[in-house]
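Worksheet for the structure shown next.
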Amino acid sequence: QVQLVESGGGLVQAGGSLRLSCTASGRTFSTCAMGWFRQAPGKEREFVARISQIGGRTLYADSSKGRFTITRDNAKNTVYLQMSSLKPEDTAVYHCAGDRSFIIHTQVRDYDYWGPGTQVTVSS
């Protein structure tokens with residue numbers, strides 16, 4: 001079992017940057033691929049980025065490619081999402097998620113563990 005808690009959200013102006021962190025408790029963090037998802041009001045939760053168990057493979061949604069970077073530190077049981085060139089449309093609650101599978105997943109239903117989320121608001 002893995003418990004996830006996100007931090008680092010906040011209010012930022014368009015063009016600014018934020019770094020989100022997600023810290024896991026439990027002994028199986030390094031066996032999980034980790035993803036970031038986001039959910040804006042009235043919209044479905046959507047995939048943002050994913051990183052493999054060891055960190056050698058990353059995958060990004062088109063909306064985040066080139067602006068966001070996902071990394072992980074297994075020694076600290078933490079996954080990060082560095083976000084730059086933020087836009088108002090990036091405003092959402094950002095959730096980290098853990099996936100026990102080695103198959104590359106981008107769908108919400110394929111992730112096993114979820115954090116409660118952290119709010120990111122980008123003002124224009």
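Just so you know, residue 1 is the first one in the sequence shown, and it goes up from there.
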Shortest non-hydrogen contact from [X] toward [Y]:
X: F29; Y: N74; answer: CE2-OD1, 3.2 Å
X: A92; Y: R38; answer: CB-CB, 3.8 Å
X: T58; Y: I51; answer: CG2-CG1, 3.9 Å
X: A33; Y: S101; answer: CB-O, 4.3 Å
X: V79; Y: I70; answer: CG2-CG1, 3.9 Å
X: V122; Y: K87; answer: CB-O, 3.2 Å

With rounding to the nearest 0.5 Å, note down the distance linking [atom1] in [X] to [atom2] in [Y].
X: R72; Y: N77; atom1: CZ; atom2: CG; result: 9.0 Å
X: S25; Y: Q3; atom1: OG; atom2: CD; result: 3.5 Å
X: D90; Y: S64; atom1: CG; atom2: OG; result: 8.5 Å
X: H105; Y: D110; atom1: NE2; atom2: CG; result: 4.0 Å

May I ask you to test the [X]-[Y] pair for a side-chain heavy-atom distance under 4.5 Å?
X: D112; Y: D99; answer: yes
X: R100; Y: T28; answer: no
X: F68; Y: L81; answer: yes

* Test disulfide (SG to SG under 2.5 Å) applied to C32 - qualifying residues, sequence neighbours left out -> none
* Fellow cluster residues of Y111, listed by chain then number, with links counted only when side-chain atoms sit under 4.5 Å apart -> F37, F47, L59, I104, V108, W114
* To do: Find out if a path of hydrophobic residues (ILVMFWY) with successive side-chain heavy-atom gaps under 4.5 Å connects Y94 to Y80.
  => no
* To do: Going by the side chain to side chain donor-acceptor pair (under 3.5 Å) test, name the single residue among R45, E46, H95 that passes it with Q39.
  => R45
Can you give me every donor-acceptor pair (side chain of residues 8-24, partner residue at least two apart or in another chain, under 3.5 Å) with its distance?
unit_1, atom_1, unit_2, atom_2, d
T23, OG1, T78, OG1, 3.4

* Taking the side chain from R57 and the backbone from Q53, do they hold a donor-acceptor pair closer than 3.5 Å? -> no
* To do: May I have the step-by-step check of side-chain contact (heavy atoms from CB on, under 4.5 Å) for W36 and E6, ending in yes or no?
  => CA-CA 10 Å; W36 285 96; E6 303 91 342; 3.9 Å; yes
